[in-house]
Amino acid sequence: MFALADGNNFYASCERVFNPSLNGKPVVVLSNNDGSIIARSNEAKALGISMGQPYYQAKKTIDEHGVNVFSSNYELYGDMSNRMMTVLSSLAPESEIYSIDECFLGFSGFDEGRLSEHAHLIRERTLKWTGIPVSIGLAPTKTLAKAANKVAKKNEGIKLIRTSDQIDELLEKYPVEDLWGIGRKYNKRLQEMGIKTALQFKQLPEGWVKKHMTISGLRLQYELKGISCIPLEKVSATKKAICTSRSFGSYVSTYKEMEEVVANFAFKCAEKARKENTVARAVTIFIHTNGFNTTLPQYSNSRTLRLPVATANTAEILHYVRLALRSIYRPGYSYKKAGVMLTGLHTKDAIQMDLFDSLDRNRQSLLMETIDELNGKMGKKGVFDPPVKFALQTHLAEQKNWPMQRKFLSPCYTTRWESVLKAS
DNA sequence: TCTGGGGTCCTAGGACCC
DNA sequence: TCTGGGGTCCTAGGACCC
């Protein structure tokens with residue numbers, strides 16, 4: 001069984017922890033530049049203020065009802081998040097920090113009869129020790145736990161579903177668009193087909209789902225059937241991209257200004273990369289005009305440059321960012337947004353070796369032989385990477401009794417691995 | 001005047017290799 | 001020079017998440 005614990009109206013709740021007089025009063029938190037609303041207390045929601053709404057649109061309601069408005073303070077929220085995660089993970093056998101305000105908990109080996117009672121304990125402790133109210137959904141898969149969590153938030157703060165009857169009962173009333181993995185595009189398509197509830201989605205033919213929604217859609221469908229195929233990620237994964245981007249409070253319309261802006265972003269990205277202990281192999285920059293203002297001429301472009309040597313060095317990255325900007329900047333436009341992104345991040349060979357180490361001795365040596373053989377066939381290029389990845393996946397699939405993986409891997413690897421197993 | 005800032009995963013297709 | 005079945009690596013683009 002999995003649980004999803006989620007801090008209610010997280011940013012707004014954080015502000016309340018430091019200002020308890022706000023309890024019971026409407027609170028909203030704004031994005032950068034105070035552009036739009038990114039968090040609302042229940043009272044603010046009740047006033048009809050919606051998520052992502054531009055501040056100026058909601059301003060009338062806010063003024064009329066004396067709503068308390070905060071500019072975002074990510075340092076504070078990050079700090080509160082750490083506290084909350086520490087408490088939550090101390091109360092379950094396994095945990096995965098999913099986002100700033102969400103934590104998956106794993107309860108394998110836990111007495112299921114006590115789960116509901118334990119969930120109450122988690123809520124009480126988190127509230128008492130951090131001041132943040134949380135909702136908890138419990139279910140056999142992560143996707144179902146997400147759904148249960150959403151229902152919990154509207155009710156008593158805790159929702160547990162276990163039997164297939166309980167699952168279907170929940171899914172029948174659950175809008176398909178609220179599922180984890182269904183966004184605007186997929187929802188539109190499903191609505192056109194008359195698929196409105198999660199239960200209806202669960203009953204769609206697997207072939208259709210795979211074809212039109214890729215393997216991710218199929219995974220979602222399996223999860224709704226109670227077959228867990230999204231495992232808990234207990235150690236936080238190393239980042240694959242690092243990005244710094246902003247919308248500007250006012251327009252940027254000279255090259256000089258823009259160069260300063262992206263240089264700043266490059267600096268921040270390099271800093272983040274060093275903190276993560278990674279180096280980047282490529283850097284991308286992008287610039288956009290204001291897409292909302294249809295009267296202004298529009299231009300947007302991006303450029304990716306490979307770094308000759310993987311690096312997290314500010315000066316080197318800066319050099320290539322300037323080069324890229326020069327090639328895409330067009331004068332005469334009013335720019336509204338820009339960003340710098342580092343990709344191709346890696347920390348030496350650590351990841352591959354981890355995968356390899358997770359195998360037992362026998363398999364390691366068999367794998368090495370197979371790799372040697374394949375390397376011989378393939379010439380100097382080598383094929384180290386995919387077989388090792390595959391070996392790890394198989395290993396995990398066996399450990400977790402996870403039905404999805406084997407089926408979805410490219411057949412050539414399956415055959416190979418099977419011959420390795422046969423040989424043992 | 002005013003509309004977030006981070007990320008992830010998957011697929012298709014092209015260049016290239018043996 | 002052609003044919004072919006494997007592969008790899010890389011990029012672009014589209015979907016999604018909070």
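No hydrogens, no waters, no symmetry mates; every other heavy atom, side chains included, goes into these values. Predicted, not measured: the structure shown is a model, and the values here were computed from it.
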Sort out for me which residue in A:Leu138, A:Val151, A:Ile167 forms a side chain to side chain contact (heavy atoms under 4.5 Å, CB included) with A:Ile161.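 It is A:Ile167, the one option of A:Leu138, A:Val151, A:Ile167 that forms the side chain to side chain contact (heavy atoms under 4.5 Å, CB included) with A:Ile161.
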Counting primed atoms, P, OP1 and OP2 as sugar-phosphate and everything else as base, the B/S/- map of nucleotides 10-18 of chain C against protein heavy atoms under 4.0 Å is S----SSSS
If you assign each of A:Ser36 and A:Thr214 to its closest nucleotide in DNA chain B, which residue comes earlier from the 5' end?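 So the residue in question is A:Ser36.
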Does A:Tyr329 form a ring pair (Phe, Tyr, Trp, His ring centres under 6.0 Å) with A:Tyr335? I'd like the steps, not just the answer. CA-CA 10 Å; A:Tyr329 186 88; A:Tyr335 293 96; 5.2 Å; yes
For DNA chain B, what residues of residues 46-56 of chain A have any heavy atom nearer than 4.0 Å?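 Of all residues in residues 46-56 of chain A, the ones placing a heavy atom under 4.0 Å from DNA chain B are A:Pro54, A:Tyr56.
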Sort by first number and list every stem of DNA chain B: at least 3 consecutive Watson-Crick or G-U wobble pairs, both distances under 3.5 Å.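 Looking at DNA chain B, the stems formed by three or more consecutive pairs are B:5-18 with C:5-18.
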By salt bridge (Lys or Arg N to Asp or Glu O under 4.0 Å), which residues pair with A:Lys272, not counting sequence neighbours?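 Scan of A:Lys272 (salt bridge (Lys or Arg N to Asp or Glu O under 4.0 Å), adjacent residues dropped) gives none.
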Nearest-Å distance, [atom1] ([X]) to [atom2] ([N])?
| X | N | atom1 | atom2 | value |
| --- | --- | --- | --- | --- |
| A:Asn33 | B:dG6 | CG | C1' | 15 Å |
| A:Met341 | B:dT8 | CE | C1' | 12 Å |
| A:Ile215 | B:dT8 | CD1 | C1' | 16 Å |

Would you confirm whether the ring centroid of A:Phe2 sits within less than 6.0 angstrom of the ring centroid of A:Phe104?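 No: the rings miss the under 6.0 Å criterion.
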For residues 52-60 of chain A, please give each side-chain donor-acceptor pair under 3.5 Å, one per line with the distance, not counting sequence neighbours.
| residue | atom | partner | partner atom | Å |
| --- | --- | --- | --- | --- |
| A:Gln53 | OE1 | A:Ser50 | N | 3.1 |
| A:Lys59 | NZ | A:Asp63 | OD2 | 3.3 |

Can you tell whether the side chains of A:Lys188 and A:Glu192 come within less than 4.0 Å, N to carboxylate O?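 Yes.
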Charged N-O contact under 4.0 Å between A:Lys225 and A:Glu206: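 Yes, this pair counts.
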A:Asn32, nearest nucleotide to its side chain (from B:dT8, B:dG5, B:dT3):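 Shortest atom-to-atom distance from the side chain points to B:dG5.
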Out of B:dG7, B:dG5, B:dC9, whichever nucleotide has its closest atom nearest the side chain of A:Ser245: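 Taking heavy atoms from C-beta onward, the closest nucleotide is B:dG5.
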Just checking [X]: base, sugar-phosphate only, or nothing, at a heavy-atom cut-off of under 4.0 Å?
| X | answer |
| --- | --- |
| A:Thr244 | sugar-phosphate |
| A:Lys188 | nothing |
| A:Lys336 | sugar-phosphate |
| A:Lys240 | sugar-phosphate |
| A:Phe10 | nothing |

Within 45 degrees of the axis of the six-membered ring of A:Tyr251 and under 6.0 Å from its centre: does A:Lys336 put its NZ or CZ there?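 Here A:Lys336 passes the 6.0 Å and 45° test against A:Tyr251.
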Check whether any side-chain nitrogen or oxygen of A:Ser247 sits under 4.0 Å from OP1 or OP2 of B:dG4, and answer yes or no.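 Yes, within the criterion.
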OP1 or OP2 of B:dC2 under 4.0 Å from side-chain N/O of A:Tyr251: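 Yes, A:Tyr251 has a side-chain N/O under 4.0 Å of OP1/OP2 on B:dC2.
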Salt bridge (Lys or Arg N to Asp or Glu O under 4.0 Å) contacts in which one or both residues fall within residues 241-267 of chain A, not counting sequence neighbours: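 Applying salt bridge (Lys or Arg N to Asp or Glu O under 4.0 Å) to every pair that reaches into residues 241-267 of chain A, excluding sequence neighbours, yields A:Glu259-A:Arg322.
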Examine distances only and state if a side-chain atom of A:Glu96 and a backbone atom of A:Lys234 form a donor-acceptor pair shorter than 3.5 Å.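 No, because the side chain of A:Glu96 does not come within donor-acceptor range (under 3.5 Å) of the backbone of A:Lys234.
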In whole Å, what separates the C1' atom of C:dC17 from that of B:dG4?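 Taking atom C1' in both C:dC17 and B:dG4, they lie 14 Å apart.
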